[in-house]
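Since the structure is predicted, the reported quantities are computational estimates derived from the model, not experimental observations. Start at 1 and go down the list; that is how both ligands and their atoms are numbered.
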Amino acid sequence: MQLKIYNSLSGEKEVFKPILEGNIGMYVCGPTVYSNVHLGNVRTFLSFDFIYRSLQFLGYKVRYVRNITDAGHLTDDGDINNDRFIKQSRLEKLEPMEIVQKYTVDFHEVLKKFNLLPPTIEPTATGHIIEQLELAKDLIEKGFAYESNGSVYFDVLEYNARGLNYGELSRRNIEELFANTRDLDGQFEKKNPQDFALWKKASPEHIMKWPSPWGEGFPGWHLECTAMSTKYLGDQFDIHGGGMDLKFPHHECEIAQGKACNGVEPVKYWMHANMLTMNGQRMSKTTGNFILPVQLMSGNNDFFEKAFHPSVLRFCFLQAHYRSVLDISNDAMLASEKGFNRLMEAVKILNTQVPTEGVETSSFDYKNWKEKVLEALSDDFNSPILISHLFEAVKFISASKLGKESISTNDYEDLKQFLNAIVFDVLGLETIEESNNDKLDQTLQVLIDLRNQARKSKNWELSDQIRDQLLEKGIELKDGREGTTYQLL
Ligand code: AMP
Ligand code: ZN
């Protein structure tokens, strides 16, 4: 079956042909580690985790590079004294590299909870300063960049004058860009407002800075991805991914840097994952419209009526195609939880059921069904269609448990193996094993809720009774500003 991928560069679904038969080089822009990742960030990384898993399942050997941006990321106002890491380090009274460490650890822990596989290489921007300096020097030598007041800028007009096409990914033309840019950053240093920084001069107070031929400074954000992707995957590689919001200017600039340096399109297939929205608006740190993974898992938030297991969120995300906008809601999560439980129950039945001997024909056409599942996967990783096919099998398996249907004995083992592979290896779902601790937690929560109700209706006798009897059993309830918690004595 041919794998088709929607290529943002051509705007079309294309038959995928790797540069080197059987092998794939894939680069995905990683997080800027100056704060906790929110569920929106998780969606993008999870989309590419699903794609990575699918490529491996389809038989490819994948070198998967996802970077960590740990330097030189300016805030939106472009003020060089407002590097995000430095701003956050002032706020938290930590060294910038402590900020980097703290949020890198958080990022890894969160992705592990959602069962994302680690990339095969995870390079950091600060670990590749030399490579970025080399690129900037090369671009100056080739006439595509210029130094100005200790900073180095990419010359967009020169790039276009040489017949290269700035704006090819985001389909913006240069005249339009010139008319619409109001970029105050470096306005007195740049030849043109569209020129973007490859290297920025650091002020004396700036903490994260490195020596360069142009004085002390720090690298531009776009340059780090070109430096790390080409170092590990070559001047031209198969797949580059990231969130839709990175298409312009970040990915457009990466294309320009790559083509100017190496004379080839750096990437064969550009893939962009769409946004997670909440209340119809993009989930984002800056607007405050966000939920953190820990809030979802603990239920400690005003948005969801209960806590959800990370695998349920994973399932919810995969019920939408990676190129569609997904609006998260309490109802969507409840529906996903139902679907997730049905799917997992069917897998459990299939894995434990003893097949009926001697059934030769069955109304479930396994081979045809398997084709359809693989077709969905190969059609630009269409997870919602794939999941809808899975539910055809779920229906059948549930009916077989009731003795209403039988699975052909010949297909039984194949179905079991294939369904397990799709559910656990490709979709990356995990069964929810309830530990005794979880059950104790839930039971105590019921008692805490009952006690709160009693207190609300001023039934002090009942509320004290609940508290005292629990204390007798060695469980102390503590009332605090965040609500009631318990402690085992
Ligand atoms: P950042 O750390 O800001 O560079 O973001 C890390 C990744 O999360 C990028 O690929 C962004 O495109 C992605 N991202 C940010 N907000 C959202 C959102 N609301 N939905 C999906 N992806 C997002
Ligand atoms: Zn990037």
Side-chain angles (χ1 to χ4, degrees), residues 8 26-51 65-76 84-85 88 99-100 103-104 106-108 110-111 114 116 119 122-125 128 132 135 169-170 196 198 219-233 237 239-258 266-267 270-293 313 316-318 320-328:
S8 307
M26 174 161 96
Y27 185 90
V28 172
C29 294
T32 311
V33 282
Y34 72 99
S35 67
N36 301 102
V37 278
H38 56 64
L39 293 185
N41 305 129
V42 172
R43 182 181 182 209
T44 287
F45 296 121
L46 202 148
S47 293
F48 286 102
D49 180 66
F50 168 62
I51 289 165
V65 184
R66 189 186 61 210
N67 70 301
I68 296 276
T69 296
D70 59 352
H73 212 343
L74 302 180
T75 50
D76 293 335
R84 287 185 204 275
F85 297 98
Q88 194 66 21
I99 294 291
V100 163
Y103 293 110
T104 303
D106 171 74
F107 173 67
H108 287 145
V110 165
L111 295 199
F114 292 98
L116 271 78
E122 193 170 49
T124 61
H128 295 77
Q132 295 175 74
L135 277 180
L169 178 68
S170 53
F196 55 88
L198 301 172
W221 171 36
H222 315 309
L223 197 60
E224 76 174 81
C225 283
T226 297
M228 293 185 268
S229 61
T230 53
K231 171 161 179 160
Y232 298 109
L233 300 171
F237 54 95
I239 298 175
H240 192 313
M244 204 72 101
D245 56 329
L246 301 186
K247 215 187 226 184
F248 187 87
H250 185 51
H251 293 160
E252 199 71 74
C253 295
E254 274 189 57
I255 293 182
Q257 290 164 164
V267 178
W270 280 95
M271 297 183 74
H272 289 99
N274 218 326
M275 296 290 110
L276 183 73
T277 59
M278 187 165 94
N279 301 317
Q281 285 193 344
R282 191 185 136 184
M283 192 170 278
S284 149
K285 256 283 154 63
T286 38
T287 57
N289 187 41
F290 68 89
I291 297 245
L292 297 179
L313 183 88
C316 176
F317 281 179
L318 292 171
H321 189 239
Y322 76 90
R323 280 194 288 120
S324 312
V325 171
L326 171 65
D327 194 57
I328 190 103

Is there a heavy atom of F45 sitting under 4.0 angstrom from any atom of ligand 1?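 Distance cut 4.0 Å: F45 passes for ligand 1.
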From the candidates T277, N41, L46, V33, the one that places a heavy atom nearest atom 14 (N) of ligand 1: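 Answer by nearest heavy atom: N41.
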Heavy atoms only: give me the nearest V100-T104 pair and the separation to one decimal.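 Smallest interatomic distance, heavy atoms only, reads O-OG1, 2.5 Å.
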Looking only at heavy atoms, what is the nearest atom pair of N274 and R323, with distance?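 Smallest interatomic distance, heavy atoms only, reads ND2-O, 2.9 Å.
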Distance alone, cut at 3.5 Å: any donor-acceptor contact between the side chains of [X] and [Y]?
X: H240; Y: E254; result: yes
X: S35; Y: Q88; result: no
X: S284; Y: N289; result: no

Output yes when the distance from some N or O of ligand 1 to some N or O of [X] is under 3.5 Å, and no in every other case.
X: G40; value: yes
X: G243; value: yes
X: S284; value: no
X: N274; value: no
X: M283; value: yes
X: R43; value: no
X: L276; value: yes

Which ligand 1 atoms does [X] reach within 4.0 Å, using its non-hydrogen atoms?
X: D245; value: 11 (C), 12 (O)
X: P31; value: 2 (O)
X: H38; value: 16 (N)

At distances under 2.8 Å, what protein N, O or S atoms surround the Zn ion (ligand 2)?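 Sorted hits: C29 SG, C225 SG, H250 NE2.
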Taking [X] for the side chain and [Y] for the main chain, is one N or O donor matched with an acceptor at less than 3.5 Å?
X: R66; Y: P31; value: no
X: N67; Y: P123; value: no
X: Q132; Y: A125; value: yes

Contacts of H321 that satisfy ring pair (Phe, Tyr, Trp, His ring centres under 6.0 Å) - sequence neighbours left out: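 Partners of H321 under the ring pair (Phe, Tyr, Trp, His ring centres under 6.0 Å) test: none.
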Pairwise side-chain contact, Y103 with N36, heavy-atom cut-off 4.5 Å (strictly under):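 When only atoms from C-beta onward are counted, N36 and Y103 do touch, with a gap below 4.5 Å.
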Aromatic plane relationship, W270 with H251 - under 30° parallel, 30 to 60° tilted, over 60° perpendicular: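 Correct class here is tilted.
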State yes or no: are the ring centers of F107 and F45 separated by less than 6.0 Å?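 Yes - the distance between ring centres of F107 and F45 falls below the 6.0 Å cut-off.
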Hey, is M244 touching ligand 1 through its side chain, its backbone, both or neither, going by heavy atoms under 4.0 Å?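 M244 to ligand 1: no contact under 4.0 Å from either part.
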